[in-house]
Amino acid sequence: MAVSMPNDASVKGRGWKSFRVSVRQVERETGLNFLSNVQPQVQQIIESKVDSQ
C-alpha cells in the first residue's frame with residue numbers, strides 16, 4: 001500500500017484512503033526504489049497495484 005498526499009490544506013476533510021496510489025508512482029515521484037530486495041517478477045506485481053480496501 002502506498003499513499004501520496006499533498007502537504008497543504010487541500011487534504012482537509014478528505015480521508016487518507018482517497019490518496020492511495022501504487023508503490024511505483026511513489027518511486028517515480030521520489031526517485032527511490034522501495035522493494036529492491038524483492039525478486040523482479042514479484043516486485044513488478046506488488047508495485048503496480050493500488051490498494052482498494
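Counting from 1, the numbers follow the sequence of the chain as shown. Being a predicted model, the structure only gives us computed values, none of them experimental.
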Connected via hydrophobic side-chain network under 4.5 Å: Val42 and Val23: yes
Met1 versus Asp51, closest heavy-atom pair with distance: CE-OD2, 3.3 Å
Heavy-atom neighbours of Asp8 CG exceed 12 at 6.0 Å: yes
Which atom of Gly15 lies closest to which atom of Ser18, heavy atoms considered: O-OG, 2.8 Å
Side-chain donor/acceptor of Arg20 to backbone N/O of Lys17, under 3.5 Å: yes
Approximate separation, where rounding is to 0.5 Å, of Ile45 CD1 and Gln39 CD: 10.0 Å
Pairwise distance OG(Ser4) to CZ(Arg28) - rounded to 0.5 angstrom: 11.0 Å
Cluster check Val38, Val50: I/L/V/M/F/W/Y, side chain < 4.5 angstrom: no
From CG (Asn33) to CD (Gln43), nearest 0.5 Å: 5.0 Å
Single-linkage hydrophobic cluster, 4.5 Å side-chain cutoff, Trp16 and Val21 together: no
Phe34 reachable from Val3 in the ILVMFWY side-chain graph, under 4.5 Å edges: no
Gln25-Glu29 side chain donor-acceptor pair, cut-off 3.5 Å: yes
Atom of Ser48, atom of Gln44 and distance for their closest heavy-atom approach: OG-O, 3.1 Å
